[in-house]
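Each chain gets a letter, A, B and so on, in the order the sequences are listed, and its residues count up from 1.
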Amino acid sequence: MTAPMARTTPNDARGLGRRLRLARHPAAVVGLILLAVIVTIALIGPYVAPFSPTAVADLPFATPDMHHWLGTDELGRDVLSRVLNGGQSLLGLSVLATAVAYAIGLPAGLAAGYTRSRTTNSIIMRGVDVLLSFPPPLLLLVVATGANSNIWAMVLAVGLVLAAPLTRIVRAGTLDVAQRAYVEAAVARGEHTGRILRREVLPNILSVIFADVGLRLSYAVLLIASVNFLGVGLQPPSSDWGLMIAENRQGLNLNPWMVIVPAMLVAIITVSINLVADGIARTLGTSIERAR
Amino acid sequence: MLRFLLRRIAWAIVTLWIVSVIVFAATSVLSGNAARAVLGKNAAPATLHALESELHLDRSVFYQYWYWLSHFVRGDFGHSAASVIGSDTAHNSIITLIAGPAANSAILAVITVIIMIPVSLLMGVLAATRAGGWMDHVTAIVSLTAISLPEFVTGTILVAIFATALSWLPPVSLIGPGQGVLDVPQILVLPILTLLAATVAECVRMVRSSVIEALDSDYVATARLAGLSESRIMFSYALRNALAPSVQVIALNMQWLVGGIVVVETVFSYPGLGRLFVSAVNLRDIPTTQSIALLLAAIYIALNILADLIITFLVPELRLA
C-alpha cells in the first residue's frame, strides 16, 4: 500500500482560476473597480475624516462650503466625516452575516445532500422551508422585537435568512456530486464521511459556491442596510450609511447631500457586487438567480 | 391534482403553526415583559399590573400562546399594548387598528401587480426579440441595477428627483382627516414606482431568457420553416411555452411584495400595514407586532400556494407529481 492511490478527483478548484477570466466582461471589471473604491473609502475614511462623526461642527442643515464639503446634518454634524466613518460598519457586518450564512448553510446543505437518512434530510429541508415562509424583512423585524435590536442578533438573523436558499443550492450540488465515481471510490476505500465531504465533495461544488458568494454578499449588504434604515439595527449616533439616510430624510430639501451621498454609496456597493457576481457566474457558465 | 393541493395546504398549515410558535417565542419570550416594554422602567406598579392582567402576562407562557393563537384564528387579534394606556377598549382593538392600513397596503400591492404583469411580459418579449442588440444590453444593465438596489435606496433616490428637485410629487404620503389614499392618488405614484423598480426588473430578465430559450427550440424552427409569421410564432408558440417560468417569477415577486411594502411604506410614511408593523416594533407594542407578523406570514404562504397552483395548471406534466 505504499504506492500512492490514484486520486481520480477531477478537482475543479484547479481550473477555477483559469475559467475566471473576468477581464472578458467589461461590466464585471467596472464592478470590481467601483467595489475597490468603496472598500478603500470605508477602510481609510475614518483616518482622513476632517471632523469627528459625532461632534456638532456647525449649524444644522448647512449647505456645502469650504469647511464642510458636504454640509452638515440635522444636528450640525459634518456630513463628509460621517460618510467617511459610516462604511466600515455596513461592509463589516455584511461580510460577517455572509460568513454566518456559510457557517450554517454549507454544513447543512452538505449533510442534507449526502445523508442517506431521510429523516436528517427532511429535518434540514423543512427547516429551510419554514425560514423561507417568512418574508425576510418580517423575520428580521420579529427578531428585532425579541432581541431589542441587538446588532449581533440582527447579523445572526440576516445570516439565517441568507442560509436558507444557500442550503438548497449546496444540497443540490452535493446530490449531483455524491453519485460520481470518485466519491464511490472514496467510499469503497473506506474513508469516513467527514473526509469524503471535505476532500471529494466540497472541492467539486466550489464553482457553485463561487457563483453564489457574490450574490449572497450583495443580499447581505441590502438586508443589513435595510435593518439599519428601519431603525432596528445600529442605533444613533452611529454614522452607518443606512441609518444616515433614515435620519436625514426629513431635511432632504435643506441639504440633499446628507441623504444622496450615503444612498449613492449603498447603491454602488450592491450594484458593483452584483456586476462582479454576474461576471463570475457567466464565466462559470452557471445560471444566476437572485435568492430572495 | 386535488391530492397535491390538499397536501400542499396541510403542509402550509403546519408551516404557519411553526411560524406562529417562532413569532410568539421571539417576541413574547425573548423580550421579557410586554407591559414593561411599552410602559418603560418607571411605570407605576398599579398601571403595570393592570396592563399585565389585560395582556394575560400573569398566566403561564403556554396559556398566553394558546390564548393568542386560539383568538387569532377566530379573527380576534386582541388589544394593542401601546394604546391600552388611558383609552377605552373599543379603540385599542388590534383589528380596528389594522383594518384601514391593511386596505391601504392592499391598494398599493394590487396596483403594483396590475402594472407589473403586462409591463414585464412586454419588456421581456421586446428584449428577447432584440437579443444581443444595444437595447438588450441597456435593458440588462438597467435591470441588474434596479434588482441590486435596496428598496429604501431606490425610494430615496426617487424622492430626491421627483419630490425635492422637480417638486412634481409629494415626498411623503400625507392624508387629510377623513380622506382615503385614493382621494390623494399622487401619493401612490412614488411607492408604486419603487416597488415596480425591483420587481419588474427581475421579471423582465426571466421572461427574456425563457422567451429566448423557446425561440431557440425545434418547434419554433419548424414553425418558421412552415412559413408562419414572426408575430404568430411569438404569441402562439414562444410566449406560450415561456409562460410557466415567467408566471413563476411573477408569482415570486408578488410574494416579495409582502416584505417589500414593509420597507417601502416606511420610506414614504405610507399609512399601510408595513409602516404600522415597523412602528409597532419600534414602540415595543408586542401584541400588535405578533398579530401583523402572523397575518403577513399567512398571506405570504397563501400566495406561495396560489403560485404552485397556477404553475401546475400551466405545466400539465406537474399535475401528476
Donor-acceptor pair, distance only, cut-off 3.5 Å: does the side chain of Ser148(B) make one with the backbone of Asn274(A)? no
Pro150(B) versus Val266(A), closest heavy-atom pair with distance: CG-CG1, 3.8 Å
Let's test your reading of the structure: which of Leu140(A), Val130(A), Leu141(A) forms the most heavy-atom pairs below 4.5 Å with chain B? Leu141(A)
Which distance, rounded to the nearest 0.5 Å, do you find between the OG of Ser133(A) and the OH of Tyr300(B)? 8.5 Å
Should the heavy atoms of other residues, nucleotides or ligands under 6.0 Å from CH2 of Trp11(B) be counted, would the total exceed 12? yes
So, for Thr145(A) and Arg284(B), which heavy atoms are closest and what is the spacing to 0.1 Å? CA-NH1, 3.7 Å
Which pairs of donor and acceptor atoms, one on a side chain in residues 18-26 of chain B, lie under 3.5 Å apart (sequence neighbours left out)?
residue, atom, partner, partner atom, Å
Ser20(B), OG, Trp17(B), O, 2.6
Ser20(B), OG, Tyr65(B), OH, 2.7

Picking from Ile269(A), Leu138(A), Leu275(A), Ile268(A), which has the most non-hydrogen pairs under 4.5 angstrom with chain B? Leu138(A)
Sub-3.5 Å donor-acceptor pair from the side chain of Arg249(A) to the main-chain atoms of Thr156(B), do we have one? no
Bottom line for Val159(B): the part with an atom under 4.5 Å from chain A's heavy atoms is both
Winner by heavy-atom pair count (cut-off under 4.5 Å) against chain B, out of Ala27(A), Ser149(A), Ala225(A): Ala225(A)
Name all residues meeting the side-chain hydrogen bond (donor to acceptor under 3.5 Å, both in side chains) criterion together with Gln290(B); count only those two or more places apart in sequence or in a different chain, and write none if there are none. Thr27(B), Ser28(B)
Sort Phe229(A) into side chain, backbone, both or neither according to what part of it lies under 4.5 angstrom from a heavy atom of chain B. side chain
Is Glu213(B) atom CD crowded by more than 12 heavy atoms from other residues, nucleotides or ligands, each under 6.0 Å away? no
Is there a side-chain contact between Val271(A) and Leu149(B), using heavy atoms and a 4.5 Å cut-off? yes
When rounded to the nearest 0.5 angstrom, what is the spacing between CG in Leu230(A) and CZ in Phe277(B)? 10.0 Å
Less than 4.5 Å apart, side chain to side chain, heavy atoms only: is that true for Pro135(A) and Trp256(B)? no
Does the side chain of Met264(A) reach to within under 4.5 Å of the side chain of Val153(B), using non-hydrogen atoms? no
Working to the nearest 0.5 Å, report the span between OG1 of Thr164(B) and CG of Leu254(A). 9.5 Å
Rounded distance (nearest 0.5 Å) linking atom CZ of Phe134(A) with atom OG1 of Thr15(B): 10.5 Å
Do Pro171(B) and Leu252(A) make a side-chain contact, defined as non-hydrogen atoms from C-beta onward lying under 4.5 Å apart? no
Which atoms of Val14(B) come close to chain A, meaning under 4.5 Å heavy atom to heavy atom: side chain ones, backbone ones, both, or neither? neither
For the interface with chain A, which of Asn304(B), Val258(B), Thr266(B) has the highest count of heavy-atom pairs at distances below 4.5 Å? Thr266(B)
